Amino acid sequence: MLKSEDILSPFSITAKSSETKARAGVLYTRRGAIHTPVFMPVATQASVKALNDEDLKAMGVECILSNTYHLYLRPGTATLKQLGGLHKFMKWDRSILTDSGGFQVFSLSHLRKITEEGVLFQSHHDGSKHLFTPENVIRFQSEIDSDIWVCLDVCVRNPSDKKEAMGGLKSTKNWAERAIAEYHRTVPAQDIAQNPDGTFTVKHPLQFGIVQGSVYPDLRQEAAMHMRELPVHGYCIGGLSVGEGKEEMATALSAAVGFLPENRPRYFMGLGSPEDLWECVERGVDMFDCVWPTRTARNGRVMTADGNIYIRKTEYRLDERPIEEDCGCYACRNYSRAYLSHLHRSGEFLSHRLLSIHNINFLMRTMKIIRKAIEDDNFAEVKAQYLKRFNASKEK
RNA sequence: GGUUGGGUGGCUGAGUGGUCAAAAGCAACGGUCUGUAAAACCGUCGGGUUCUGCCCUUCGUAGGUUCAAAUCCUACCCCAACCA
């Protein structure tokens, strides 16, 4: 079996914050560069709900997330392979990271059974049974033909007692070894080269491992130390933001990051509120995905530099201003709060699209601010300013 | 002019003597949402309050019967359909 040092990670760090652990960089995949810290919108079922590729590109989205469990059940990964892969299928030519189905171990816990071999899921569509193993989940991702693959893991619920957390971690570690071995069988020759200008040329999908361990720092450390030995291109931090407190989250995150190598990307799975992005970038995270901007948009909640607003509120009925004057997204350039409020009240699909565009764009802008703060090396100052303004309306 | 049916909380609409401040849905209002089982879910929704309770006002209007009425009786007003 290969070791960590036997493979190259196509990730270059371009700037570091001197006062925090934040760093800016570029991760290269077969489909181009991803500038980190990055936010990746979620396209679970081969669609960032309500949006298309042009919407996402206009906002500068460089990578999206899709889901192996969901795509396996519908339309089927074999079908996707036959149709030329997920990129062609959904008309998205930039990077795609696929989650393994490990989150569904958590979110669909009543429909699955964990065994040593893998996870037996009962389909939430028709009740049919499907065994997901570390190995076949790699194969499914190969059929999907995504650019960044992820190991099947066990995302334990919160709260979990230590015994339960240890059990989840044990499976995650064991399965990681099996999944990564399967990845290297599927991609036998690593073809990643660093160019003279510092960029990388990547010819095949990348593999990320997942660090679990619930809220227990010693388990996070154990998980990170195990994962850092394995031949993967990057590290997911999983099993957080599932209901634990902010402090527990930060402690567990720091415990994991502290034992991960500097020169490979770290990806916090499932995080996306502006405050959380700042806090976790500060602790050394490079990549994020989250349902937050799109789900809350569909539910009428919109992010602004001055905090979140609920577009249905009576006060917006006659408000002719855009959501944000200086936003520049398609929704803000063209529509008033009054109109968006009306659309949402009326249950019009267009509100889902316009509010999702705004929220994703908002997070893309936030990531730009974060990257610039790292490059300018004034992270703490800019973070404080940003959060002060963002939270000002709450404090009243 | 007559016959029949009907008038219930912002709307639709249950309820036909007590368990009714009145089902349910909608709207409205507030909240939740973090690797999507989510265009979902949870509250509030006559007024007041010392609030797992108590008080006041309410089911077209006005009277009446009854220990007790949205529910029964009388008159009136209004609406719908049909007949002249």
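This structure is a prediction, so every number in the text was calculated from the model and none was measured. Reminder, nothing fancy here: chain letters follow the sequence lines and each chain counts from 1.
OP1 or OP2 of B:U36 sits under 4.0 Å from a side-chain N or O of A:Gln104. For B:A27, neither phosphate oxygen OP1 nor OP2 lies less than 4.0 angstrom from any side-chain nitrogen or oxygen of A:Arg345.
Among the nucleotides B:A37, B:U36, B:A39, the one closest to the side chain of A:Thr294 is B:U36. Here the side chain of A:Leu108 is nearest to one of B:C29, B:A37, B:G35, namely B:A37. Out of B:G31, B:G35, B:U36, the shortest distance to the side chain of A:Tyr310 is found at B:G31. Of the listed nucleotides (B:A37, B:U36, B:A28), B:A37 has the atom at the smallest distance from the side chain of A:His110. Which of B:A37, B:C33, B:C29 sits closest to the side chain of A:His70 comes down to B:A37. In the set B:G35, B:A37, B:U36, the nucleotide with an atom closest to the side chain of A:Lys49 is B:U36.
One cannot find a donor-acceptor pair under 3.5 Å joining the base of B:U32 and the side-chain atoms of A:Arg295. The base of B:G35 sits within donor-acceptor range of the side chain of A:Asp153, with an N or O pair under 3.5 Å. Checked by distance alone, A:Thr296 brings no side-chain donor or acceptor within 3.5 Å of a matching partner on the base of B:U32.
For the C1' atoms, the distance linking B:C72 with B:C67 amounts to 16 Å, nearest Å. On the P atoms, B:A27 is 14 Å away from B:C42, given to the nearest whole Å. The gap from the C1' atom of B:C45 to that of B:U50 amounts to 23 Å, rounded to the nearest Å. Taking atom P in both B:A21 and B:A70, the straight-line distance is 9 Å, to the nearest Å. Across B:A28 and B:U16, the matching C1' atoms stand 31 Å from one another, rounded to whole Å. Nucleotides B:A39 and B:U4 have their C1' atoms positioned 46 Å apart, rounded to a whole Å. Comparing B:U71 with B:U61, their P atoms are spaced 11 Å from each other, to the whole Å. If you take atom P in B:G43 and the same atom in B:C82, they sit 46 Å apart, rounded to whole Å.
Within the cation-pi definition used here (under 6.0 Å to the ring centroid, within 45° of the axis), A:Arg298 does not qualify as a partner of A:Phe349.
Taking the side chain as every heavy atom from C-beta outward, A:Lys49 and A:His352 never approach each other to under 4.5 Å.
Figure legend. B:U12 is base-paired to B:A24; pairs are counted as Watson-Crick or G-U wobble with both atom distances under 3.5 Å. B:A80 and B:U4 make up a base pair, with Watson-Crick or G-U wobble contacts both under 3.5 Å. Across all strands shown, B:A40 pairs with B:U32; the Watson-Crick or G-U wobble distances both stay below 3.5 Å.
In summary, A:Arg365 and A:Glu324 engage in a salt bridge, as defined by a charged side-chain N under 4.0 Å from a carboxylate O.
Within the nucleic acid shown, A:Lys313 comes within 4.0 Å of sugar-phosphate atoms alone, with no base atom in reach, counting heavy atoms only. Across all strands, A:Asp276 comes closer than 4.0 Å to base atoms (heavy-atom distances).
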Criterion side chain to side chain contact (heavy atoms under 4.5 Å, CB included) on A:Arg220 and A:Ile237, from CA distance to verdict | CA-CA 9 Å; A:Arg220 287 283 165 184; A:Ile237 316 288; 3.8 Å; yes

